[in-house]
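Report on the following structure.
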Amino acid sequence: MLKRTIYVSEAQANLAGKEVIVNGWVHRIREHGEGLTFINVRDRSGVVQVIVNDKSPSQVRQTAKGLKNEYCIGVRGIVRKRDDSLINKDMITGEVEIEASEIEVFSTCDTLPFAISDDKTQAKEDLRLKYRYLDLRSGKMKDNLILRTRFVTAIRKHLDSKGFLEIETPTLIRSTPEGARDFLVPSRLYEGKFYSLPQSPQLYKQLLMVSGLDRYYQVARCYRDEDARGDRQLEFTQLDLEMSFADREDVLSLMEGLFKDVFKEVVNYDLPDKFVRIPYADAMNSYGCDKPDLRFDCRISDFSEELKASSFEKAKAVVCNGGFAKAIRLPLLDKSKPYSRKQLEEYLEEAKIYKNKTGFFLKAEKEGNGLALSGSAAKFFDAGQQAAIISKFALEEGDALLVVADEKWKAACAQAGSMRSRMGAQLGLTQGKGFAFCWIVDFPLFSYNEELGHWEAEHHMFSRPKKEHMEYLDTDPGKVLGDLYDLVLNGYEVASGSVRINEIELQEKIFEICNYSKERAQKAFGFLLEAFRYGAPPHAGIAPGIDRMCMIIQNETSIKEVIAFPKNTFAVSPMDESPSEVSEEQLRELHLIIDAKERK
Ligand code: ASP
């Protein structure tokens with residue numbers, strides 16, 4: 001076998017005159033007549049041009065004639081510097097070519113289901129996933145996976161330098177309620193019993209703290225049996241991390257140092273030493289969500305007082321009855337293209353996803369020497385009120401003010417937030433803005449599940465209430481803020497974590513608030529409560545999503561693009577056709593019978 005002496009990208013001018021061997025795939029072939037053939041050979045590192053001409057040995061000329069795209073080959077040859085006029089600046093190996101003296105065909109290639117692209121194939125997703133091994137040959141997909149490796153390696157390097165231990169936790173565990181649905185694995189040895197796949201190693205990492213291992217991390221696979229919705233995968237990878245004798249500040253600054261280091265190393269990007277910290281309530285009020293995209297400013301403001309003073313009875317009633325009104329300025333960036341009614345209504349449509357009923361726009365137009373408001377709702381604000389609105393929101397000619405009102409605070413914020421997001425995308429405010437991290441802190445610890453009629457943990461039940469809010473645990477759980485934090489990058493939540501509870505009494509209290517009776521809690525989490533009896537240290541942790549972060553770094557819009565073998569949107573793998581039926585024998589061994597009715 002012709003065994004590689006260099007990766008193709010190493011074919012550079014400094015090797016001119018030297019003999020090398022490259023291994024790879026035929027990327028393109030161009031016949032130039034008179035026995036001159038150019039063969040672009042591709043390997044993981046890039047592409048190099050191999051040249052065969054009428055002076056080449058006959059074996060080489062003969063073999064070259066039979067080559068087709070994606071044949072897997074080895075080439076021996078001499079690196080030649082190209083004439084200055086033939087240098088190809090678009091190729092990393094464009095200063096040279098390899099003059100072939102021997103070609104070995106390792107394997108041929110059938111007609112391809114789609115062409116292998118320098119960037120990404122245009123084929124439909126299911127075809128890409130069916131032939132994922134070919135899809136991954138294309139330039140961008142290969143780069144995505146290489147970036148991912150480098151990202152994880154840089155993380156490991158940093159955490160190692162901070163004294164963290166990489167410890168594996170089991171993937172066959174007890175089914176414990178953690179928010180989503182568990183994947184269950186039937187036990188062959190114990191009829192009627194099941195393991196579950198971890199939704200995250202949460203309890204195990206806390207137990208490792210009780211063990212005194214002090215600083216743990218793991219590049220952990222997590223499994224959640226959720227319905228196909230948005231950009232979700234049944235299994236995903238997170239950097240799971242926990243540290244003892246640590247508070248919020250320790251975790252936040254560890255992460256800031258980690259990502260500063262990793263982004264510098266992996267994409268040569270300078271992050272600030274500290275990331276902005278925004279309390280949850282402020283994030284909702286100013287950005288309309290708890291994962292604000294801070295690549296652009298455009299903040300949301302309160303509009304309740306303005307509505308109360310207006311004669312817009314329908315909208316006014318919402319705020320007068322305890323509701324909330326929010327407004328956001330839509331700047332007119334291109335003065336030559338004023339906003340049409342339709343465009344502004346499309347923004348308001350955005351808010352309708354949140355069942356919005358009361359939304360309207362006001363537009364600043366020239367009137368005399370000054371500005372006045374136009375739009376169907378403008379008549380409800382007198383001249384003085386209009387002037388005050390124009391001044392408060394710093395409206396310039398052609399700018400619009402988008403207003404929503406809702407009985408519920410969260411809904412009003414979310415509606416304004418959805419318009420802010422549209423603004424960022426439509427006005428191109430996020431383009432070329434790099435990476436904007438922020439922390440969202442001080443989340444409510446509980447949310448009320450109207451359907452079930454009880455409180456639930458916002459994050460999970462192991463998070464600590466803020467010290468100053470302990471008193472509300474008994475009286476008003478809705479008022480309790482938790483020592484919780486989310487890391488947000490470019491409008492995506494990329495990590496969440498918390499300071500944990502390490503005392504049995506407090507843990508039991510949280511279970512109780514979340515409708516877990518003593519017996520139910522004991523059954524589900526008894527082993528954790530038991531562990532807390534043996535000197536559990538104060539501890540805190542976090543779990544950044546590896547897939548999501550790599551997706552953002554690579555400027556992709558789906559995590560599938562940074563996962564080697566993802567499932568499709570319907571949770572199916574078109575390549576191996578999983579999930580699949582299994583044999584009767586396998587089912588018998590597992591003591592399972594498939595209900596024929598269910599099967600239909
Ligand atoms: N286990 C949590 C999660 O997967 C993260 C954490 O609290 O560390 O979301």
Side-chain angles (χ1 to χ4, degrees), residues 155 159 164-171 173-183 196-210 213-226 232-244 246-255 258-259 280 290-291 439-447 456-466 481-489 492-502 506-507 510 514 524-525 528 536-549 559:
I155 287 174
L159 291 178
F164 279 79
L165 303 174
E166 183 171 7
I167 302 174
E168 289 174 77
T169 54
T171 43
I173 65 170
R174 184 195 173 88
S175 173
T176 46
E178 236 202 86
R181 197 179 290 114
D182 281 336
F183 271 104
S196 107
L197 303 181
Q199 293 183 31
S200 83
Q202 183 62 36
L203 297 182
Y204 288 91
K205 64 174 168 177
Q206 292 194 242
L207 292 173
L208 287 171
M209 298 301 101
V210 180
L213 286 155
D214 195 65
R215 294 183 154 212
Y216 141 97
Y217 81 96
Q218 180 180 192
V219 178
R221 194 57 77 81
C222 305
Y223 305 86
R224 299 185 187 174
D225 187 4
E226 293 178 304
R232 284 178 191 235
Q233 285 285 305
L234 302 177
E235 50 184 317
F236 58 91
T237 309
Q238 67 186 25
L239 165 64
D240 197 50
L241 184 141
E242 198 75 12
M243 54 205 289
S244 288
D247 54 23
R248 177 178 101 178
E249 193 48 44
D250 294 309
V251 177
L252 268 48
S253 42
L254 174 82
M255 288 293 116
L258 168 74
F259 289 121
Y280 167 78
D290 57 5
K291 41 183 191 231
W439 289 107
I440 306 298
V441 296
D442 299 345
F443 283 87
L445 194 62
F446 305 103
S447 62
E456 282 179 340
E458 266 285 321
H459 181 42
H460 52 53
M461 290 189 286
F462 316 106
S463 300
R464 205 174 182 78
K466 282 179 93 72
L481 296 187
D483 236 333
L484 306 171
Y485 31 84
D486 274 4
L487 182 61
V488 173
L489 169 58
Y492 290 96
E493 178 201 315
V494 291
S496 61
S498 60
V499 178
R500 322 295 188 190
I501 296 164
N502 65 326
L506 181 57
Q507 188 63 72
I510 303 293
C514 296
F525 306 110
L528 181 76
H539 56 291
I542 190 162
I546 303 274
D547 311 292
R548 182 84 50 216
M549 292 193 81
I559 57 170

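Only this structure's heavy atoms are used, side chains among them; waters, hydrogens and symmetry mates stay out. Since the structure is predicted, the reported quantities are computational estimates derived from the model, not experimental observations. Start at 1 with the first residue, then count along the sequence. For ligands, and for the atoms within them, numbers begin at 1 and follow the listed sequence.
Taking each heavy atom of Phe236 and Gln199 in turn, the nearest pair found is CZ-O, 4.4 Å.
For the 3.5 Å distance criterion, the side chains of Tyr223 and Asp182 fail to qualify, holding no donor opposite an acceptor. Checking Glu166 against Tyr217 by side-chain atom types alone, a donor-acceptor pair falls below 3.5 Å.
Using a non-hydrogen distance threshold of 4.0 Å, Arg224 registers as a contact of ligand 1. Heavy atoms of His459 approach ligand 1 to within less than 4.0 angstrom. At least one heavy atom of Arg500 sits less than 4.0 Å from an atom of ligand 1.
Close contacts between ligand 1 and Gln238 involve ligand atoms 4 (O) [criterion: under 4.0 Å to a heavy atom]. Which parts of ligand 1 touch Gln202 is read off a 4.0 Å heavy-atom cut-off, strictly below it: atoms 1 (N), 2 (C), 5 (C), 6 (C), 7 (O), 8 (O). Near Ile542, meaning under 4.0 Å from any of its heavy atoms, are these atoms of ligand 1: 8 (O).
For atom 5 (C) of ligand 1, the nearest non-hydrogen atom from the set Ser496, Gly497, Pro201, Ser200 comes from Ser496.
Under the ring-ring contact (aromatic ring centres under 6.0 Å, His included) criterion, Phe443 pairs with Tyr280, not counting sequence neighbours.
Neither the backbone nor the side chain of Gln199 comes within contact range of ligand 1; no heavy atom lies under 4.0 Å.
Here's the thing with Lys205: one of its N/O atoms is less than 3.5 angstrom from an N/O atom of ligand 1. For ligand 1, none of its N or O atoms has an N or O atom of Asp240 under 3.5 Å away.
Side chains of Leu484 and Ile440 form no contact here, defined as non-hydrogen atoms less than 4.5 Å apart.
Surrounding CD of Glu168 are at most 12 heavy atoms belonging to other residues, nucleotides or ligands under 6.0 Å away.
Checked against a 6.0 Å centroid threshold, the rings of Phe525 and Phe462 count as neighbours.
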